[in-house]
Amino acid sequence: MTDATLEGKVTIVTGGSRGIGAAVARWLAERGASVVVSGRDADRLAAAVKDLEGAGVVHGVVADVAKREDADRLVEATRERFGRVDILVNNAGITRDALLLRMKDDDWDAVMDVNLRGAFLMTRAVTKTMVRQKSGGRIINITSTAGAMGNAGQANYSAAKAGLIGFTKATARELAHWQILVNAVAPGLVDTDMAVAIPTEARKALLAQIPLGRMGTPREVAEMVGFLAGEGAAYITGQVFHVNGGLYL
């Protein structure tokens, strides 16, 4: 077991059933945090929680963060089980890729709902709890290199992730009064199901643009999230940290 630096902290990780979210949940649990992971697929979430059991205290809540009722219920369920919320990681995200001229309204709306509206709903819900607790807090938004440089065929995803960067900066200004720190982590091409779904030629083209010459791992993203959750980041807010092997310089 790694040295516990987050003992007594309670964390919510949305979209925590796989990929970056599961890696973040494991990293935080290994360091002593109590972690609540959410996802929309009950079976996948149950499997993820079982897989994470050895890392520490992990609890699963089925929720669609794009729905206000689910976001509020997720925060309340965390409070009921652990008594408080100290850290929120807004990781839930989806893609519905298509070239602009072929993109359907539903493709745009679905990506905006999960990737941007979901972060708004969760942040609003958890902030109410953090303010009442009067002990500060950390909110870490998982954005993307796509939000900084844009990706062809991902107008919806790039726009949502760029919006998340603006949301991070605005809320960081608002919430600093309560010592609630808000930052963002922007992964590049990371070895997850989402990356595997990218057509082979497009993935090769992206890899060719990465100076380090490889995809990142979910654990490498989790390391940055974990740093922002810890005491070493107590004077950092409103920032975007790129984890992309040099894809975006």
Worksheet item: Is it true that the side chains of R84 and S135 contain a donor and an acceptor less than 3.5 Å apart?
Response: yes
Item to complete: Please lay out, stage by stage, how W27 and L6 fare under the test side-chain contact (heavy atoms from CB on, under 4.5 Å).
Response: CA-CA 10 Å; W27 196 102; L6 292 172; 4.3 Å; yes
Worksheet entry | Gap separating the NZ atom of K204 from the OG1 atom of T200, nearest 0.5 angstrom | 6.5 Å
Discussion item. Any side-chain to backbone donor/acceptor pair from R138 onto I87? Under 3.5 Å, distance only.
Written reply: no
Worksheet item: Do V85 and I12 pass the side-chain contact (heavy atoms from CB on, under 4.5 Å) test, and can you show the C-alpha distance, the side-chain angles, and the key distance before you say yes or no?
Response: CA-CA 7 Å; V85 185; I12 297 173; 4.0 Å; yes
Response to the item:
Heavy-atom closest pair (G137 atom, M130 atom, distance to 0.1 Å) is CA-SD, 3.9 Å
Discussion item. In the structure I gave you, are the side-chain heavy atoms of M122 and V75 within less than 4.5 Å of one another anywhere?
Written reply: yes
Worksheet item: What are the two closest heavy atoms between G16 and A48, and how far apart are they?
Response: O-CB, 4.4 Å
Fill in: Flag side-chain contact, heavy atom, 4.5 Å: L207 against L189
yes
Item to complete: Search all heavy atoms of D72 against all heavy atoms of A125 and return the closest pair with its distance.
Response: OD1-CB, 3.5 Å
Fill in: Non-hydrogen atoms of P218 and G19 that approach each other most closely
CB-O, 3.8 Å
Discussion item. Same cluster or not: V37 versus V62, using hydrophobic residues (I, L, V, M, F, W, Y) connected whenever any side-chain heavy atoms lie under 4.5 Å apart?
Written reply: yes
Discussion item. Given 3.5 Å as the limit, does a donor-acceptor pair link the side chain of N90 with the main chain of I140, or not?
Written reply: no
Fill in: Co-membership, hydrophobic cluster, residues I139 and V131, 4.5 Å side-chain
yes
Worksheet item: Does the T123 side chain pair with the main chain of F120, one donor and one acceptor, at a distance under 3.5 Å?
Response: no
Worksheet entry | N-O pairing of R26 and E223 below 4.0 Å | no
Worksheet item: How are the rings of Y248 and H242 set to each other: parallel, tilted or perpendicular (split at 30° and 60°)?
Response: tilted
Worksheet item: Are I20 and V13 in one and the same hydrophobic cluster, where Ile, Leu, Val, Met, Phe, Trp and Tyr link if side-chain heavy atoms are under 4.5 Å apart?
Response: yes
Worksheet item: So, K169 side chain and G238 main chain: donor-acceptor pair closer than 3.5 Å or not?
Response: yes
Worksheet entry | D51 side, atom CG; R44 side, atom CZ - distance, nearest 0.5 Å | 13.5 Å
Discussion item. Given 3.5 Å as the limit, does a donor-acceptor pair link the side chain of D86 with the main chain of V10, or not?
Written reply: yes
Practice prompt. Could you state whether V240 and F167 fall into the same hydrophobic cluster, counting links through intermediate Ile, Leu, Val, Met, Phe, Trp or Tyr residues with side-chain heavy atoms under 4.5 angstrom apart?
Written response: no
Worksheet item: Heavy atoms, side chains only, cut-off 4.5 Å: are N156 and M103 in contact?
Response: yes
Worksheet entry | M194-L164 co-clustered via ILVMFWY side chain contacts under 4.5 Å | no
Worksheet entry | The single option from L121, V126, T127 passing side chain to side chain contact (heavy atoms under 4.5 Å, CB included) against R124 | L121
Worksheet item: Hey, are the side chains of I94 and N115 touching, using non-hydrogen atoms and a 4.5 Å cut-off?
Response: yes
Discussion item. To the closest 0.5 Å, what do you measure between CG (N151) and OG (S144)?
Written reply: 6.5 Å
Worksheet item: With distance as the sole test, does N141 use its side chain to make a donor-acceptor pair with the main-chain N or O of T143 at under 3.5 Å?
Response: no
Fill in: Close side-chain approach of I142 to V225, heavy-atom, < 4.5 Å
yes
Worksheet entry | Minimum heavy-atom distance between G245 and P211, given as atom pair plus value | O-CD, 3.4 Å
Worksheet item: Between D97 and Q154, is there a donor-acceptor pair closer than 3.5 Å when you use the side chain of the first and the backbone of the second?
Response: no
Worksheet item: Between atom OG1 of T237 and atom CZ of R173, what is the distance when rounded to the nearest 0.5 Å?
Response: 10.0 Å
Worksheet item: What do the steps show when you test R73 against V61 for side-chain contact (heavy atoms from CB on, under 4.5 Å), and what is the final call?
Response: CA-CA 9 Å; R73 178 173 55 80; V61 175; 3.7 Å; yes
Fill in: Pair R81-H59, side-chain contact (heavy atoms from CB on, under 4.5 Å): steps then yes or no
CA-CA 9 Å; R81 187 173 183 90; H59 177 61; 3.4 Å; yes
Worksheet item: Distance only, no hydrogens: is a donor on one side chain within 3.5 Å (strictly under) of an acceptor on the other, for Q239 and N183?
Response: no
Practice prompt. State whether the side chain of E220 and the backbone N or O of T217 hold a donor-acceptor pair below 3.5 Å, judged by distance alone.
Written response: yes
Discussion item. With a 4.5 Å cut-off on side-chain heavy atoms, are E53 and V58 touching?
Written reply: no
Worksheet item: What distance separates W178 CH2 from E174 CD, expressed to the nearest 0.5 Å?
Response: 8.0 Å
Practice prompt. Evaluate salt bridge (Lys or Arg N to Asp or Glu O under 4.0 Å) for D193 paired with R18, printing each intermediate quantity in order.
Written response: CA-CA 8 Å; D193 292 349; R18 59 180 173 173; 3.2 Å; yes
Worksheet item: Can you check whether T129 reaches R79 side chain to side chain, under 4.5 Å on heavy atoms?
Response: yes
Worksheet item: Could K104 and D107 be called an ion pair, given the rule that one side-chain N must be under 4.0 Å from one carboxylate O?
Response: no
Discussion item. I need the K9 NZ to E231 CD distance, nearest 0.5 Å.
Written reply: 6.0 Å
Worksheet item: Hey, does L74 have a side-chain heavy atom less than 4.5 Å from the side chain of T14?
Response: yes
Practice prompt. Could you pull out the closest heavy-atom pair between S38 and V65, with the gap in Å?
Written response: OG-CG1, 4.3 Å
Fill in: Backbone N/O of V35 and side chain of T11: donor-acceptor pair under 3.5 Å
no
Discussion item. Checking the side chain of D191 only, and the main-chain atoms of M215 only, is there a donor and an acceptor separated by less than 3.5 Å?
Written reply: no
